[in-house]
Q: 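Below is the structure I would like to discuss, written out as structure tokens.
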Amino acid sequence: MNYYQPEMECASQETLRGLQSKRLVKTVKRVYENVGYYRKLMDEKGVEPGDIKSLDDLPKLPFLTKDNLKDAYPYGLLAVPLADTVRIQSTSGTTGKRVVAFYTQDDIDIWDECCARAIVAAGGGKDDVVHVSYGYGLFTGGPGLNGGSHKVGSLTLPMSSGNTDRQIQFMCDLGSTILCCTPSYAAFLAETIIEQGLKGKLKLKAGIFGAEAWSEEMRRDIEERMGIKAYDIYGLTEITGPGVSFECDEQTGMHINEDHFLAEIIDPSTGEVLPEGSKGELVFTCITKEAFPLVRYRTRDICVLSRNRCSCGRTLVKMSRLMGRTDDMLIIRGVNVFPSQIETVLMNCGMTPNYQIIVDRVHHADTFEVRVEMTPEMFSDTVRDVSAREAELVSSMRAMLGISPKVTLVAPRTIARSEGKAVRVIDKRKI
Amino acid sequence: MTVDQISVFVENKPGRLAEIVAILGDAGVDMRAMSIADTSDFGILRLIVDDPKRAQDLLRTSGCVVSVTQVLAVAIADKPGSLSAVLGVLADADISVEYAYAFITRKKDDAYVIFRVEDNERSFEVLKKHGVKTAGAKELYDL
């Protein structure tokens, strides 16, 4: 078993908790003293740095939401003098709330180390050729894995996203062994590689895929089609970028780098901290970051935390695959629907995970349509067979969601394949 | 004994059928017969062509979902009552017909009926026993 920083990745609970408490106390004191915005939030809640003596006091602190980040944009949460900062990264701002995160050189070193842990956990080492097809620039994906790969000492291919033919050519010519990109782009690459008959020319052994939600079925599909082992990776710009957590060989969740980022699960409606094993909203507190140390930041990602012993030997807490987001959850006819549930049904029924959910409101009632691309496996010369398979999809979706969509079969490759994050939902409702 | 029928998934969208048919037309593939089964949101185009292998390749390359089915082609006299007689033979043998479509040609006096049945072999034997002529692939493709 390989680790990048075994002393931390496999630390005893006692050592880890001691370190976390010490770092938390220091962080809270620092943000209270250096950041007016935090001081105001803490004062409003009646909490002083002195009240935070250990990890157990974490729930006393106020939450921070994306709205707070918008309020404090751009410099309001910066915790060091500008002179100490060396870089920013930013989110795409697709929801209209752009986040700008700041880094000192130490912050970047720690971020790179977190990504290095992920690469080593995926079997990466000095002899590997790490092919980074995440976007570079403001997006954290490219810079994060790039930095991690440098730390490991692998040969790094800073491909960035797009230009699929060039990606595949470099992969073949330079013998890329580890691919880093979004899962939807990995699926697109796999499809293109197979179409071009180039699978035999690949040296890929692993993939590190993140930045969007994907299902276990999609993982198996990519693994089989590319002949690799696919590892999930998680992160968010607000906290640092990719590498907040990463998967090991066991593939049963992602180890959170909790020597740097404390994780809690809360009830999204009450804010109450839930016991281990409960499904709820993930909340992070940065305890080593200098420039942009968010405290109790609500990610809006839904998952479960587990401290069950992991066969890889790491003791870091594991978070499950994301089960949705508090904000991309659709409420259709009063029922909570996560796009990932549709994907699971499709994969279970042997379909490709290419779908589009279209929600509209006609005569005050929600319409719910799922467009699915026809596949050779699903097709038959008789209407009876095709209709039966279509009905099976509808009933599987009803079983999963509790409501029935209208399933529309569309021609292959007519649902737009994105090279970045896939758009799965078109909500036309005007309420 | 049987003939290759090509079935193509047709999305329910204006112009889609025209696009699919043009793929074959542009490549000079000649159609012998066609039929369309439709539901409220999709259709299945079924074709008998002079070069099924090439038609499949062309359609698949263009991104169509295609399947190939073995169907029976029966030659009947182009006059009232002949189809009824053939259907009677099948019914008496308890053979159900999934779907059927017919066409006539300029070159022969016979009409042809394409039958999709569960068991081609048994149906073939039953028809043969009752003196019904089935057309082979070559006969149909060469029409």
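Labels below follow one simple rule: chain letters A, B, ... track the order of the sequence lines, proteins then strands, and each chain is numbered from 1.
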Q: Are B:Phe42 and A:Glu390 packed together at the side-chain level, in the sense that at least one heavy-atom pair is separated by less than 4.5 angstrom?
A: yes
Q: Can you tell which part of B:Val71 gets under 4.5 Å to a heavy atom of chain A, answering side chain, backbone, both or neither?
A: neither
Q: Check each atom of B:Arg116 against the heavy atoms of chain A and say whether the ones under 4.5 Å are side chain, backbone, both or neither.
A: side chain
Q: Identify the heavy atoms of B:Ser67 and A:Ser380 that sit nearest to each other, and give their distance.
A: OG-C, 4.1 Å
Q: May I ask you to check whether over 12 heavy atoms, not counting those of A:Lys406, lie within 6.0 Å of atom NZ?
A: yes
Q: How long is the span from the CZ atom in B:Arg46 to the OG1 atom in A:Thr382, to the nearest 0.5 Å?
A: 7.5 Å
Q: Once you round to the nearest 0.5 Å, how far does CZ of A:Arg384 lie from OG1 of B:Thr39?
A: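 Interatomic distance, A:Arg384 CZ to B:Thr39 OG1, rounded to 0.5 Å: 15.0 Å.
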Q: Assess whether atom CD of A:Gln196 is packed by more than 12 heavy atoms of other residues, nucleotides or ligands within 6.0 Å.
A: yes
Q: Would you mind checking which part of B:Val66 comes under 4.5 Å of any heavy atom in chain A, side chain (CB onward), backbone (N, CA, C, O), both or neither?
A: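 Contact with chain A involves the backbone of B:Val66 alone.
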Q: Less than 4.5 Å to any heavy atom of chain A: does that hold for the side chain of B:Phe9, its backbone, both, or neither?
A: both
Q: NZ of A:Lys199: more than 12 outside heavy atoms within 6.0 angstrom?
A: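 Yes, enclosed.
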Q: Does the side chain of B:Asp41 come within less than 4.5 Å of A:Leu409's, by heavy atoms?
A: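 Side chain of A:Leu409 against side chain of B:Asp41, heavy atoms only: no contact under 4.5 Å found.
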